[in-house]
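First the structure, in the form of structure tokens, and then the observations on it.
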Amino acid sequence: MDRYEQVIELAKRRGFLWKSFEIYGGTAGFYDYGPLGSTLKRRIEQIWREIYVIHEGYMEIEAPTIGIEEVFVASGHVGGFSDPLCECKCCEEAFRADHLVDDIVTCADGLHIKELDRVIAENGVKCPECGGELGKTYEFNLMFKTNIGPGSGRQGYMRPETAQGMFVDFMRLARFYRDKLPFGATQIGKSYRNEISPRQGVIRLREFTQAEAEIFIDPSNKEHPNFQRFAATSVNLYSDEAQDTGVMESMTLSEAVRRGTIAHEFLAYQIGLTDYFLKRIGIASDKLRFRQHKKDEMAHYAIDCWDAEIETARFGWVEVVGIADRTDYDLKAHASISNTELSIYREYTEPRIVRSFVVKPDMSKLGPLFKGKAKDVAEALKLMRQEELEKDRITIIIDGEEAEVPKEAVDFTEETVKISGENIIPHVIEPSYGIDRIFYSTMEHAFEEEKWRTEEEVDEDARIVMRFKNEVAPVQVAVLPLLTRDELIRPSRDIKASIKRKGLLVAYDDSGTIGRRYRRNDEIGTPYSVTIDYDTVENNTVTIRDRDSMKQIRVPVDNIADLLYGLIYGDSEFESAGEAL
RNA sequence: GCGCCGAUGGUCUAGUGGCUAUGACUGGGGCCUUCCAAGCCCUAAACCCGGGUUCGAAUCCCGGUUGGCGCACCA
């Protein structure tokens, strides 16, 4: 049984993760989060919110999970989020149709399926495996399709990423942030991809949770005002060049920016934030690295892109966060498809007085002379410089033919114009988190099978402990009467109630021996167990047991809830919080 | 989507054509018990789904679902 199996088995048994639709046999690519799983996931998301929404100030929005066709035409998902597949009629092997004709035509990936079929037929392309005849090419789009409204209603798609919701709302967001860059929006929610063959459990899902931030910045200023916060932070960088040699480097973020390894400060700051977040929820720092996309792997519009990768026992390095500079690609695409200007007006500190050379073609003369080509002639004239227009003969080239334009058909002048600002299209910095993979990694890195042997014992003793960080542990406190006796159960119930009032998630358990109950709580990662014994009845004190060290302290019952709250969310030290036992 | 291998209580598992389907752990109830899976009693709980072969199928055959591995895919 490898580590993955151990973690998944525990997750299943203890109510973290369940296969969806299990009583009907289940379906690949879907998982339910059980009671403890939902709680853990929500605590992870809540820390993400604290960082991105509260601290960074990128407010959360909520857009529909179903999108209309235009949105995904603009985003490129309708055309590009699919692959043309082509199967051999003989051996039934499936191939990428565009790859089959790569050598025959120059831009194979731009061809439609019909054109691909034509190229395959005309060139007699056969199955590369067995030489058999190839079947018709079909498009396999990874988006789930649905219909909006009854009958032949509008085509809709389940969103394959939450990002588009933020781009589509750009104008409203810009207004909300009073037209000042930089600003950002975030979204935590479900996305959908109809994976061809999902495997690897929760690592590859058809319905999954993303947490994404789209940060709109001034393209001419990619510094980050708060960069100092992470300047000295060391991270494991696996850059494009490093991947060729296979050697990862540990480097401070300021060093990485200075050397040009990371394109700019703003991106480096985001890497710093991601590093901070992942470590805070319990990812082991030696199993975390940032890998730069190779030039050929990066989306064509991105300038630089880094993936946070976490090392797992079975799947090796798994991509959990993508941090990209998407430039102005998305805003331009939506602007063009929607016919809406998506830009920010940036006023100059001082209005600029610009002298500009203006060409004024006289259409009443050009029209009769050039007829249908008059417009092209005028456009060509507008591009000419003063010296060219002052020559005795003005010649232009239209449709490969030289033509002469009479001097009286074109006028030009120098004008003085006052420009007080300009419209700019912001660049987008996008950190995109795959919450389900992070959830699993948190489980795996928290999992520990602890074995030890005391001097007298021959057999090994063992316990399974989920060493969750206090902040993410689903159950925060266990309240355990030492014995099943009324005089201990009664004060236990009062203590449970007082801890609940503080907002902590508390589990009460009085079944079986105390040792068994400690083990049960170790297995779900409860950080602290409060035990009520006969001393409690006598002097109103209880013991608190620390999950990781199994050490105990004795503290008064009176402010037990505040004390536990401080241990979980504050800086309190366990050992100094009470009298050691 | 293809190939190979698997699927038995909550978990792990025995069972290769024939008794009421094996065992352990876990869970629940109780007894006992003053701090790390102790003991005793009681108890709940399973043959992935659908067809077929057979007097009889958890077992053999076919199809499906699902899991693992390999191939393919992974904007």
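This one's a predicted model, so the numbers in the text were calculated from it and none came from an experiment. We name chains A, B, ... by the order of the sequence lines, and we start the count at 1 in each one.
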With sequence neighbours left out, write down each residue that passes side-chain hydrogen bond (donor to acceptor under 3.5 Å, both in side chains) with A:S529, or none if nothing qualifies. none
Residue set satisfying salt bridge (charged side-chain N to carboxylate O under 4.0 Å, His left out) with A:R437, at least two apart, ordered chain then number -> none
Salt bridge (charged side-chain N to carboxylate O under 4.0 Å, His left out) partners of A:R13, counting only residues at least two apart: A:E9, A:E523
Contact list please: residues 309-321 of chain A against RNA chain B, heavy atoms, distance less than 4.0 Å, in numerical order. A:R314
Tell me every residue that passes side-chain hydrogen bond (donor to acceptor under 3.5 Å, both in side chains) with A:T340, counting only those two or more places apart in sequence or in another chain. A:S338
Set of salt bridge (charged side-chain N to carboxylate O under 4.0 Å, His left out) partners for A:R289, sequence neighbours left out: A:E309
What about A:R517: does its side chain form a donor-acceptor pair under 3.5 Å with the base of B:C36? no
Partners of A:L581 by side chain to side chain contact (heavy atoms under 4.5 Å, CB included), sequence neighbours excluded? A:T543, A:Q552, A:R554
Would you say the side chain of A:Y24 and the base of B:C49 hold a donor-acceptor pair, judged only by whether the two atoms sit under 3.5 Å apart? no
By the Watson-Crick or G-U definition, both distances under 3.5 Å, B:C69 is matched with B:G3
Return yes if a side-chain donor-acceptor contact under 3.5 Å exists between A:T162 and A:E212, otherwise no. yes
All N/O contacts under 3.5 Å from nucleotides 4-11 of chain B to the protein, with atom names and distances to one decimal?
residue, atom, partner, partner atom, Å
B:U11, O2', A:E9, OE2, 2.8

Determine which nucleotide pairs with B:C35, using a 3.5 Å limit on both distances of a Watson-Crick or G-U wobble pair. none
Protein and nucleotides 38-43 of chain B: nitrogen or oxygen contacts under 3.5 angstrom:
residue, atom, partner, partner atom, Å
B:A38, OP1, A:R516, NH2, 2.9
B:A38, OP2, A:T513, OG1, 2.7

May I have the distance from A:E579 (atom CD) to B:C35 (atom P), rounded to whole angstrom? 17 Å
Could you check whether A:E195 gets within reach of a base, just the sugar-phosphate, or nothing at all, counting any heavy atom under 4.0 Å? nothing
So the salt bridge (Lys or Arg N to Asp or Glu O under 4.0 Å) pairs with at least one residue in residues 313-326 of chain A (sequence neighbours excluded) are A:D2-A:R314, A:E5-A:R314, A:E161-A:R326, A:K222-A:D325, A:R326-A:D330, A:R326-A:E430
side-chain hydrogen bond (donor to acceptor under 3.5 Å, both in side chains) partners for A:E575, two or more places apart: A:K551
NZ or CZ of A:K41 within 45° of A:F439 ring axis and under 6.0 Å: no
So, using side-chain hydrogen bond (donor to acceptor under 3.5 Å, both in side chains) as the criterion, who are the partners of A:N559 when residues are at least two apart? none
